[in-house]
Peer 1: 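So that we are looking at the same thing, I have put the structure below in structure tokens.
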Amino acid sequence: MPHMTDERVRAGMTREEDLSLLHEVSMKTAGVSHLEMCIQCGTCGGSCPVAQAMDHTPRMLFAMLRAGMRDEVLRSNTMWLCVSCYHCVVRCPQEVHIADVMYTLKSMAIQAKLYTDSTAPDFSQTFIDMIKMFGRSYEMGLASRHYLRHFPLRLPGMLPMGYGMLTKGRMSMIPKKIKHMDQLKKIMARAKQLELTS
Amino acid sequence: MTANTKPKFAMYWAASCGGCEIAVLNTHEKILDVDANFEVVFWPVAMDAKYKDVEAMEDGSILLTLFNGGIRNDENEHIAKLLRQKSKILVSFGSCACEGCIPGLANLSPVEEIVHTAFNTLTTDNPHEIYPRTTFDVPEGELHIPILSKVLRPLDQVVDVDYYMPGCPPESHQIAAVIDLVIKVVNGEAELPPKGSVIGVGNSTVCDECPRTRNVKMIKAFKRIQDIAPLDPTLCILEQGIPCNGPATRSGCNARCPQAGAQCIGCYGPAEGVMDYGARLITAFSSVIDATTPEEIDRILDGIPDPTGQVYRFNLAGSLLKASQSAWKVK
Amino acid sequence: MSDKRSSPVDKKLERVGVYVCHCGSNIAGTVDVVDVTKWAQEKLGHLGVVITREYKFMCSSLGQELIEKDIKELGLTRVVVAACSPHLHEKTFRTAAKNAGLNPYLVELASIREQVSWVHTDKAVATAKAKAVVAGAVSRVIENVALDEIKVPINPNTLIVGGGIAGIQSALEIANAGFHVYLVEREPSIGGHMAQFDKTFPTLDCSACILTPRMVEVGTHPNITLLTWSDVVNVSGYVGNFHVTINKKARFVNEELCTGCGICQEKCPKKVIDEVYEAGLGYRKAVYTPFAQAVPNFPVMDKENCTYFIKGTCKACEKFCPTGAIDFKQEDQLIHIDVGNIVLATGYDLFDARRVSNYGYGRLPNVFTSLEFERLSNAAGPTTGNIVLRDGKTTPKSVGIIHCVGSRDKNFNNYCSVICCMQGLKFAHLVHERTGATVYNFYIDMRTAYKAYDEFYQRVLEEGTLFVRGKVAEVTNAARYENEKGKLIIQVEDTLAGKQRRIPVDMVILSSGLQPRHDAKEVGKLFGISCSTDGWFTEKHPKLDPVATMTEGIYIVGCAQGPKDIPSSVAQGAAASARVLDKILQREVTLEPIKATVDQAKCSGCKICNGMCPFNAITFIADDNVSEINPALCQGCGTCVAACPAGAISGTGFSDAQIIAQIDGLLLRNLEPELA
Amino acid sequence: MNKYLFYPGCSMESSGKAYGDSIHAIVEPLDLDFEEIDDWNCCGATEYLGINLIPAYSLIARNLALAAKQMNGTHTVVAPCSACYLNLAKADYYMQERPTLGEKVNEALAAGDLQYKPGTLDVRHLIDILVYDVGLEKIRSKVVRPLHGLKVVPYMGCMLPRPDYQHRWSDHEHPTELDDLLRALGADVIDYPLTTECCGGHMTQIGPETAFELIRRLIADADERGAHLMATVCPMCQMNIDAYQHETNGFFGTHYHMPVLFFTQLMGLAFGKEPDELGIGLELVSSRNALANIGIEVPITQEPAGPRKKDEGLPMPRRWTKHEGKEAVK
Amino acid sequence: MTENFEPTIIGFTCNWCSYRAADLAGTARMKYAPNVRLVRMMCSGRLDPTFVLRALSGGADGVMITGCHPGECHYIEQNYKALRRFLLLRRVLKGLGIEPERVKLVWASAAEGARFASETTAFVEEIRKLGPLAWGNPDHRPPTMEDIESSVVSRPPSEMEVIV
């Protein structure tokens with residue numbers, strides 16, 4: 001299905017198409033999103049510990065979803081800043097699963113390649129790659145790959161920390177691996193297929 | 001056969017156990033009144049007679065026919081139609097003819113299954129799996145045995161019936177009273193009740209005749225009678241948690257079973273005007289349940305292991321649904 | 001057994017008229033009305049349908065005349081009108097039948113608008129369904145029987161439960177009309193929540209100034225028996241004839257001797273936090289009248305806190321009472337009264353703001369509830385009207401007022417509490433006027449939808465109150481920046497600016513919502529009325545019958561029925577009184593003839609139905625071993641009819657025969673005569 | 001009642017080693033039997049949910065399926081890490097709320113000959129077990145070295161009390177479980193309004209400036225309230241506040257020194273265990289000075305503010321607890 | 001065969017809640033499946049199991065029983081009685097080989113027009129999946145919307161069919 005351009009949205013395009021975006025997000029979200037119930041009260045934006053840094057508050061994002069502004073929503077940094085603290089979720093008077101909607105928007109943005117800063121998606125992907133390789137997270141591998149790529153300038157300042165972590169045995173040079181990697185791989189492969197067909 | 005001016009009497013036994021016939025004989029001396037006042041023209045269990053003889057009779061020439069048993073095969077159906085044709089008054093006699101009774105419970109199963117059960121189960125020694133055939137060629141010609149229908153039907157689902165006399169079997173004192181009445185009618189001393197009436201019964205339900213004490217019932221568990229010992233001899237049986245069919249069952253038996261310390265199982269069928277006996281019992285049993293959550297109600301209902309058999313033991317063939325899905329679905 | 005047996009042989013055919021309404025295009029737009037009419041004539045003729053007509057608007061006077069004319073000229077004995085829902089026009093067509101000399105209960109409505117044309121789109125399918133609905137109605141109407149309305153005499157006395165403004169209004173209306181009222185109040189004084197308020201919106205009248213005269217009038221009215229510190233403990237009977245038992249709790253003060261001088265309160269050494277009248281913000285004594293203008297002015301003794309009752313010594317009150325009115329031996333007293341009607345004005349509880357823990361009430365001292373603020377700003381309150389922080393002395397320089405606390409929130413109450421917006425605006429005005437502080441109001445939607453309400457909003461805007469559209473996320477004392485230190489910080493998304501804001505203030509007022517009384521369910525059960533999912537008492541009809549309930553003779557007024565402001569409560573109080581007076585003046589009441597009866601010949605006395613009736617309409621007559629239904633108590637639900645295992649109970653209006661016939665009709669089993 | 005299935009989570013072996021060590025030290029005195037789920041895998045933290053739906057939930061559900069297989073005598077899974085706890089609880093809950101999700105996840109699990117019926121397990125956090133199953137009374141009875149004089153800020157973090165699918169916690173915003181537990185150890189517990197605020201989570205990795213601000217808020221407020229140290233229940237919180245404190249100070253030009261320990265380490269100390277047994281010293285912001293307060297047994301110098309005298313001002317309403325009936329504070 | 005199958009369903013409604021919910025659905029012009037034909041009663045407590053049996057034996061493929069939410073009955077508690085009957089009735093039907101899902105109990109208050117509409121549509125789909133009930137005659141479909149046009153209801157043929 002071709003995406004509506006933002007110009008067309010501004011020109012007030014058809015309602016059916018608008019709602020399809022809201023519906024799509026809702027369907028891709030774990031649990032029942034209740035997205036259509038939003039009353040734009042701003043509890044989420046008020047609760048968010050990182051709202052100041054967001055392009056749009058979550059509330060605004062939901063309004064934009066209703067308006068069918070696909071590209072603008074997926075280009076927003078809002079979901080990438082979400083720290084999953086669930087303050088908005090428990091306070092939302094309409095029981096919208098806000099944090100899970102943010103996860104959905106991240107995955108949609110990745111698929112549409114519409115994110116503006118690759119740090120977060122890369123970090124997630126690297127993290128997942130480690131798990132897929134070992135079944136467990138591998139902080140040393142993750143940190144070295146991630147920092148070299150995205151924060152080379154932070155490295156000098158972080159040296160004491162990295163050194164401390166290593167010497168105190170809080171970071172291991174060798175990854176831990178689970179026994180049944182084959183089983184996990186089969187599950188993940190099937191899951192991936194199911195994701196594509198859904 | 002000598003000419004006889006006495007009114008003619010017939011009795012027939014279709015799909016039933018024969019208990020009704022015994023009940024008639026159990027009226028003791030009263031049976032002599034039958035002989036004194038009627039000419040018995042057809043009563044296979046008591047005298048020899050051929051279907052041909054009946055076929056030869058004039059239509060409407062039999063004054064009174066007591067028909068017991070349900071209609072299970074083509075022979076039953078043929079005789080039912082024949083006796084209808086020949087009788088002035090056709091009485092559906094006993095629970096089987098009225099509402100199917102125990103033979104009617106066969107309507108829970110498809111007919112092949114019934115035949116299979118009868119001829120090929122552990123209790124039947126049939127190593128070659130021989131099943132009866134409806135036709136068989138012999139040198140003398142072709143032999144026939146009656147063909148089973150897919151469900152058992154009460155008499156009135158096959159022919160028009162004048163009166164109903166329920167009970168498994170009808171109580172002998174009720175039979176005697178009915179015989180008296182018919183004799184009085186014959187002698188012009190009384191009038192017949194309106195067509196379609198249920199005769200030989202009370203107006204109400206078994207509780208009316210039951211001497212046990214009754215309170216408003218609130219039941220936390222249904223039990224089977226063997227699980228309660230001893231049963232309170234004076235208190236309502238349903239109140240003690242045993243599903244007793246008395247509240248929904250026609251009176252007339254003097255509450256025999258409850259008086260003897262057992263729950264009513266419902267052989268006298270539904271009360272006057274009731275369309276579905278099982279529905280009345282469903283509502284009776286659910287009314288006494290003391291619970292409001294579906295889980296708790298379900299737990300209590302688990303105490304009735306065979307709800308369908310419980311509420312339709314005598315009445316399945318005469319109920320609104322008449323038989324189970326599997327019986328109907330037989331091609 | 002076969003149902004042939006139960007149906008009478010050769011029933012005489014009724015003469016049925018079928019009228020199909022176009023309702024303009026409301027029905028005709030989706031249902032082929034002409035086709036339905038023709039079809040009914042052809043396929044249902046054998047049932048006795050002698051005339052079928054279609055008409056643009058059956059409910060118009062011309063449409064009604066059409067039916068009346070046919071009844072008279074064609075001798076119709078049954079009428080089916082296929083039109084809208086019976087809840088709309090059943091009465092119209094019944095009246096038309098009555099005018100033409102046909103018993104009104106021989107008319108049946110087939111709903112082909114609400115249930116067919118408005119909910120389906122395919123014309124063929126809708127037309128087919130309309131035919132089935134008409135076939136059902138025709139079969140049913142043939143089984144209808146002529147019914148007569150039932151009349152019951154009315155006791156002219158009335159019970160009013162709850163002495164808040166709604167109950168007071170209701171009591172005065174009836175008493176002034178010359179009829180006797182029993183007013184029962186569970187607190188020591190009447191007055192209710194309104195007595196706690198300082199000012200009332202939008203006119204800012206002093207609450208006490210307008211309420212007190214009414215309270216006094218109740219206290220002195222010859223037609224009002226006032227029973228405070230009392231609870232209704234039992235109710236039986238039915239409309240016109242209720243029997244009520246009231247528990248008058250021991251006051252430990254002899255009302256005959258007490259002059260209300262107040263010396264006992266002055267001398268009592270025990271100080272107790274007043275959780276009720278002062279909303280926990282002030283103190284009272286163990287023997288007390290809740291406030292100076294209390295009606296009646298007799299104190300009550302709080303047994304739980306009285307030193308004498310706890311330790312066995314003290315009796316200071318007794319020693320100083322000039323008339324010897326203190327009576328430590330007084331006991332609870334049961335009073336039995338008979339009344340014809342009952343008005344429930346039991347009011348509301350304030351939402352417990354502690355449940356919204358992110359607003360910090362109960363944790364952060366300077367967060368106040370609306371009721372606390374009412375007491376704080378009230379000249380008769382604990383601070384003599386000074387608006388100060390919880391330290392009791394500091395005047396706030398900035399105040400935040402938060403709307404929708406506990407309301408419009410699925411985590412708490414999912415409804416709008418109606419009064420909070422105006423209450424928040426009132427608070428803004430009072431704070432501004434008394435302290436000159438900067439005032440912020442935080443709201444989701446500003447709801448000021450009554451006479452002079454929005455004007456008040458504008459007035460508060462003019463006064464300089466700052467409005468922030470956004471539901472407050474949290475109130476915290478964790479300062480993030482220097483200017484926040486020592487303050488309460490209100491964190492909110494200013495949704496109109498699209499930015500998160502942190503606003504430091506000295507004081508926060510929570511405009512808490514209203515919720516049903518904690519014991520509303522039990523009270524409902526006592527009086528035989530039901531509660532909605534939210535817990536408010538359910539009215540008979542939300543629009544057309546808002547003060548009556550499903551139980552004849554019981555009315556609900558004020559916040560017991562749902563959140564509302566003072567004008568609406570007063571209006572409801574008066575409205576219920578009009579309904580009560582209407583009943584009293586009729587001397588007898590007409591009941592719908594939908595009733596159950598026991599055929600005693602068939603009844604076996606199995607006692608299954610006796611437990612079925614929540615209205616205690618079924619009694620067992622031991623001598624005859626049968627049950628009997630009191631038609632005045634029977635509400636016509638039909639549960640016992642369905643429950644009777646002997647089929648001995650029948651119900652008018654919705655008989656087995658009617659319903660079975662309708663099922664057969666709906667399934668089109670009635671299109672040709674059943675063959676034997 | 002004292003046997004549980006145990007899901008340690010990845011950090012227990014690395015950055016949160018001190019947590020693992022101290023849990024190990026307190027399990028025995030409290031008669032707890034923790035059986036590790038065999039061959040558990042990483043729950044994906046907060047990373048996978050934002051990439052793919054079905055794979056993310058399948059990854060989590062493998063652990064649930066393994067645990068369900070291992071059930072004998074208990075159906076409770078204990079997770080000491082808040083993120084693991086939330087992920088496991090969330091998968092269990094959403095597989096039920098959205099049956100289509102449940103079906104797909106099970107289809108994926110079937111590829112590895114596993115399956116999980118949502119609702120089979122109770123997923124609970126360690127502190128939930130300690131407060132509600134073990135009970136404060138029992139914990140109090142094991143205290144041999146009360147932490148009198150140690151001013152602790154209880155820091156619950158965000159993912160533990162929220163979204164709270166099974167209504168296990170006393171409150172979403174200001175839960176009292178950690179406060180009560182620390183008080184049972186004898187510590188001077190400071191009322192910490194930020195107890196469930198976020199530590200920055202993975203923002204230390206992807207948006208450090210945002211994360212530094214969140215960390216600053218937490219340590220600044222704790223410092224302001226005179227805390228000797230912070231007690232936490234989550235390895236991620238500990239890692240962020242501890243390991244990035246230096247960088248945060250550098251970023252804002254501040255000089256905070258706020259040690260952060262796992263609550264289990266404090267329990268171990270109160271139970272009389274030796275610091276090295278409890279992983280004390282593994283933290284980057286040293287707790288040596290803070291712990292000196294117990295080492296030298298400073299008498300209680302400051303009584304907590306007593307109830308306000310009536311005439312001082314207006315009375316306060318009683319505090320609200322959702323679990324008023326539940327046996328939490330004896 | 002089930003693809004083109006249009007179920008016939010009888011719905012029993014309570015005068016105070018679900019019938020009003022149906023009215024409300026109408027007033028709000030909500031669209032729902034046209035397969036349910038309603039019978040109004042004063043209360044779900046009036047529901048006699050006979051009515052359900054009559055409907056099922058008379059050609060209905062399913063029966064929807066609707067009443068006020070538990071605790072909200074206009075007659076205080078009669079809907080609980082309906083619930084008990086319903087639960088026992090379903091057990092009896094199961095014994096007769098009728099899928100218990102063919103009889104459904106739905107709570108809907110007078111304000112829940114949308115719920116009434118969506119529950120109705122959902123139930124129609126559930127019954128569509130189960131296929132025709134065609135009680136007493138497997139070859140005979142109950143009258144559908146189209147059949148009403150032709151309006152001749154074929155009676156079940158004789159049950160006397162040769163077997164064995």
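Hydrogens, waters and symmetry mates play no part in the numbers below; they use all other heavy atoms, side chains included. Quick note on labels: first sequence line is chain A, next is B, and so on, each numbered from 1.
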Peer 1: When heavy-atom pairs shorter than 4.5 Å are enumerated against chain A, which of D:Q245, D:E213, D:Q205 gives the highest number?
Peer 2: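 Option with the greatest count: D:Q205.
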Peer 1: Looking at chain A, which one of D:G207, D:P163, D:C198 has the largest number of heavy-atom pairs inside 4.5 Å, strictly under?
Peer 2: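 Highest number of heavy-atom pairs under 4.5 Å: D:P163.
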Peer 1: Is there a donor-acceptor contact under 3.5 Å from the side chain of D:E97 to the main chain of A:V32?
Peer 2: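 Yes, D:E97 side chain to A:V32 backbone: donor-acceptor pair under 3.5 Å.
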Peer 1: Does any backbone or side-chain atom of D:Y57 lie under 4.5 Å from a heavy atom of chain A? Answer side chain, backbone, both or neither.
Peer 2: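 Side chain only.
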Peer 1: Quick one: are D:E247 and A:M161 in side-chain contact, heavy atoms under 4.5 Å?
Peer 2: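 Answer no - side chains too far apart.
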Peer 1: With side chains defined as the heavy atoms from C-beta onward, is the minimum distance between D:D164 and A:V90 less than 4.5 Å?
Peer 2: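 When only atoms from C-beta onward are counted, A:V90 and D:D164 do not touch, as no gap falls below 4.5 Å.
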Peer 1: Non-hydrogen atoms of chain D under 4.5 Å away: do they reach the side chain of A:I178, the backbone, both or neither?
Peer 2: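 Both the backbone and the side chain of A:I178 come within 4.5 Å of chain D.
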Peer 1: Could D:D38 and A:K179 be called an ion pair, given the rule that one side-chain N must be under 4.0 Å from one carboxylate O?
Peer 2: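 Answer for the salt bridge query: yes.
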Peer 1: What are the two closest heavy atoms between D:E47 and A:S124, and how far apart are they?
Peer 2: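 Looking at all heavy atoms of both residues, the shortest contact is OE1-OG, 2.7 Å.
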Peer 1: Under 4.5 Å from any heavy atom of chain A, what part of D:L101 do you find: side chain, backbone, both or neither?
Peer 2: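 Only the side chain of D:L101 comes within 4.5 Å of chain A.
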Peer 1: Could you have a look at A:K186, A:M165, A:R154 and say which one has the most heavy-atom pairs with chain D under 4.5 angstrom?
Peer 2: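 If we count pairs closer than 4.5 Å to chain D, A:R154 comes out on top.
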Peer 1: Under 4.5 Å heavy-atom distance to chain A, tell me which part of D:T46 shows up: side chain, backbone, both or neither.
Peer 2: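 Backbone plus side chain of D:T46, per the 4.5 Å heavy-atom cut-off to chain A.
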Peer 1: Heavy-atom pairs under 4.5 Å with chain D: which of A:S107, A:G169, A:A109, A:G31 has the most?
Peer 2: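 Counting heavy-atom pairs under 4.5 Å, the top option is A:G31.
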Peer 1: Please look at A:T29 and chain D and tell me whether the side chain, the backbone, both or neither of the residue comes under 4.5 angstrom of a heavy atom of that chain.
Peer 2: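 Answer is backbone: N, CA, C or O of A:T29 sit under 4.5 Å from chain D.
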Peer 1: Quick check on D:Y165 against chain A: is it the side chain, the backbone, both or neither that has a heavy atom closer than 4.5 Å?
Peer 2: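 The answer is the side chain of D:Y165.
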Peer 1: Between D:Q96, D:M159, D:E13, D:R162, who has the most heavy-atom pairs with chain A when the cutoff is under 4.5 Å?
Peer 2: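 Option with the top pair count is D:R162.
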Peer 1: Given a strict heavy-atom distance threshold of 4.5 Å, which part of A:K132 is in contact with chain D: side chain, backbone, both, or neither?
Peer 2: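 Interface part for A:K132: side chain.
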Peer 1: May I ask you to name which of A:Y147, A:W80, A:F134 has the most heavy-atom pairs under 4.5 Å with chain D?
Peer 2: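 It is A:Y147.
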Peer 1: Which one wins on heavy-atom pair count under 4.5 Å against chain D: A:K192, A:M102, A:R91, A:Q125?
Peer 2: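 Ranked by heavy-atom pairs under 4.5 Å with chain D, first place is A:R91.
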Peer 1: Report which part of A:Y138 has an atom under 4.5 Å of a heavy atom belonging to chain D: side chain, backbone, both, or neither.
Peer 2: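 For A:Y138, no heavy atom lies under 4.5 Å from chain D.
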Peer 1: With a 4.5 angstrom heavy-atom cut-off, which part of D:T100 approaches chain A: side chain, backbone, both or neither?
Peer 2: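 Looking at D:T100, nothing touches chain A.
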Peer 1: Give, as side chain, backbone, both or neither, the part of A:Q52 having an atom under 4.5 angstrom from any heavy atom of chain D.
Peer 2: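 Contact with chain D involves the side chain of A:Q52 alone.
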Peer 1: Quick one: closest heavy-atom pair of D:Y94 and A:A30, and the distance?
Peer 2: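 Of all heavy-atom pairs spanning D:Y94 and A:A30, the closest is CD1-CB, 3.5 Å.
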Peer 1: Could you check whether any side-chain N or O of D:R217 sits under 3.5 Å from a backbone N or O of A:P49, counting only pairs where one atom can act as donor and the other as acceptor?
Peer 2: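 A pair under 3.5 Å: yes.
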Peer 1: Would a 4.5 Å heavy-atom cut-off, applied to side chains only, mark D:L59 and A:L184 as touching?
Peer 2: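 Yes, at least one pair of side-chain atoms sits under 4.5 Å.
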Peer 1: With a 4.5 angstrom heavy-atom cut-off, which part of A:H150 approaches chain D: side chain, backbone, both or neither?
Peer 2: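 For A:H150, neither part sits under 4.5 Å from chain D.
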Peer 1: Flag the one option from A:K168, A:M79, A:K106 with the top tally of heavy-atom pairs under 4.5 Å to chain D.
Peer 2: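 So the answer, after comparing A:K168, A:M79, A:K106, is A:K168.
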Peer 1: For a 4.5 angstrom cut-off between non-hydrogen side-chain atoms, does A:H87 reach D:E173?
Peer 2: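 Yes - at least one pair of side-chain heavy atoms lies under 4.5 Å apart.
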Peer 1: In terms of heavy-atom pairs under 4.5 Å with chain D, which of A:R136, A:H180, A:M108 leads?
Peer 2: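 Result: the option with the highest number of such pairs is A:R136.
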Peer 1: What part of A:K185 lies closer than 4.5 angstrom to a heavy atom of chain D: side chain, backbone, both or neither?
Peer 2: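 No part of it gets close to chain D.
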Peer 1: Check whether D:M239 gets within reach of chain A through its side chain, its backbone, both or neither, counting any heavy atom under 4.5 Å.
Peer 2: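 When you check distances to chain A, atoms from both the backbone and side chain of D:M239 fall under 4.5 Å.
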Peer 1: So what's closer than 4.5 Å to chain D heavy atoms on A:L142: side chain, backbone, both or neither?
Peer 2: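 Contact with chain D is absent: no heavy atom of A:L142 under 4.5 Å.
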Peer 1: Does the pair A:R170/D:D242 count as a salt bridge with the N-to-O cut at 4.0 Å?
Peer 2: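 Salt bridge between A:R170 and D:D242, a charged N being under 4.0 Å from a carboxylate O: yes.
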Peer 1: Which atoms of A:V83 come close to chain D, meaning under 4.5 Å heavy atom to heavy atom: side chain ones, backbone ones, both, or neither?
Peer 2: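 Interface part for A:V83: both.
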Peer 1: Taking the side chain from A:E195 and the backbone from D:L53, do they hold a donor-acceptor pair closer than 3.5 Å?
Peer 2: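 Checking the backbone N and O of D:L53 against the side chain of A:E195, a donor-acceptor pair under 3.5 Å is found.
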Peer 1: Is D:L214 close to chain A through its backbone or its side chain, or both, or neither, when contacts mean heavy atoms under 4.5 Å?
Peer 2: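 Just the side chain, heavy atoms under 4.5 Å.
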Peer 1: Go through the atoms of A:D100 and report whether side chain, backbone, both or neither lie under 4.5 Å from a heavy atom of chain D.
Peer 2: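 It is the side chain, since no backbone atom gets that close.
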